[in-house]
There are 2 protein chains.
Amino acid sequence: MFSKACEYGIRASTYIASQSLRNRRVSLKEIAEEIDSPIAFTAKILQQLSRNRIVDSVKGSAGGFQIENKQIEKIKLSEIVYAIDGNEVSMGCGLGLKKCNSNKPCPVHDKFVKIRDELKMMLENTSLYEMTEGLEVGLTYLKR
Amino acid sequence: MFSKACEYGIRASTYIASQSLRNRRVSLKEIAEEIDSPIAFTAKILQQLSRNRIVDSVKGSAGGFQIENKQIEKIKLSEIVYAIDGNEVSMGCGLGLKKCNSNKPCPVHDKFVKIRDELKMMLENTSLYEMTEGLEVGLTYLKR
DNA sequence: ATTAAATAGGACAAAATTGTCCGATATAAA
DNA sequence: TTTATATCGGACAATTTTGTCCTATTTAAT
């Protein structure tokens, strides 16, 4: 469904958010350990998220990544996904047709639109804050 | 959502089914033209579908691909997808966790299960026959 | 039998994705 | 001011996916 880069990006953002809520800025090293991802690849993805203003990065000693607390509730899963994978996943044709639409649909157009619309709604309605809730109390996990 | 190979596979199967209903066996060349796909790559995918008994292939002069008419209603979209992409798309974790399940879920486990279950139901309930219906009357398309 | 036309399958090539390494740059602390 | 510790970003490498080409094999028709 999503690329590896996107999966790591979501997990990283969620971890950063969970720590930002405790006023902790976290390093790349810590992030990669906590989400079990390849560190250098994760660095690239964090750069992308930083350029897209989804996470804040601070260079230099005691630097790292963080997200403003008031942003954590505002940032939706969709923003992370669109920043890394684009919106093909919730907008594109299931059979790969470039110009598939309701006027010139592929044979599964309507059925896919239904699924994709639900996916789209889910992504656009799920906030980073929601995703951190279970983490704190050990109900949800970001590795393995 | 699906790989290119899978998209071509679905489109090819649908075209073969539509022509089999008219008792026409079709060649690789015709298929690739009608679904606008790279011919040699499409050949590989058809071999896979043939080995998985989703399409029948006939070698030699006047050979080509076909699907038994009584099978066209029985073959579901899910069989094609699983044969080419596996069932990761309807079973795997949205964040790429290997051991994600309801006991040790990722932060979006429940939300993804809901989407994936619907996708799974749709794939398993959509027959090749259904997909050919609009084609005949020019209501649906397999290229561009 | 020979030939023409078709799929099967192996080897190879190109492109995209995933992943690594290292020097440049920025910043806090000594 | 120097040093230690971060991220940034460019170049490179490995792997996977996508795509091509060519020969072998099969089959129908001549």
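Every chain is numbered from 1 and lettered A, B, ... according to where its sequence line falls, protein lines coming before strand lines.
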Specify the separation, in whole Å, of atom CG of Leu28(B) and atom C1' of dA5(C). 12 Å

Return the value, rounded to whole Å, for the distance between atom CD1 of Ile84(A) and atom P of dG19(C). 13 Å

Give Gly63(B) one of three labels, base, sugar-phosphate or nothing, depending on what nucleic acid heavy atoms sit under 4.0 Å from its own. sugar-phosphate

Side-chain contact check for Phe65(B): nearest option of dA28(C), dT7(C), dC8(D) is dT7(C)

Which nucleotide in the set dT18(C), dA8(C), dT20(C) lies at the smallest distance from any side-chain heavy atom of Ser3(A)? dT18(C)

Between Arg22(A) and Glu136(A), is there a salt bridge with N-O shorter than 4.0 Å? yes

Atom CD of Glu88(B) to atom P of dT16(D): distance rounded to whole Å? 15 Å

Between Glu79(B) and Lys76(B), is there a salt bridge with N-O shorter than 4.0 Å? no

Gln47(A) atom CD is separated from dA24(C) atom P, nearest whole Å, by 17 Å

Where the side chain of Pro38(B) is concerned, which of dT7(C), dT18(C), dG19(D) is the nearest nucleotide? dG19(D)

Within the 4.0 Å heavy-atom criterion, would you say Arg25(A) contacts the bases, only the backbone, or no part of the nucleic acid? nothing

With side chain to side chain contact (heavy atoms under 4.5 Å, CB included) as the test, would you mind laying out the steps for Ile84(A) and Leu49(A) before giving the verdict? CA-CA 8 Å; Ile84(A) 299 176; Leu49(A) 293 173; 3.9 Å; yes

So that I know where these two stand, are Tyr8(A) and Phe2(A) an aromatic pair - ring centroids less than 6.0 Å apart? no

Nucleotide dT25(C), atom P - distance to NZ of Lys59(A) in whole Å: 9 Å

Rounded distance (Å) that lies between atom P of dT7(C) and atom CZ of Phe41(B): 17 Å

Distance in angstrom units between Lys4(B) NZ and dT18(D) C1', rounded: 10 Å

Which nucleotide, dT20(D), dT18(C), dT18(D), lies nearest any side-chain atom of Lys44(B)? dT20(D)

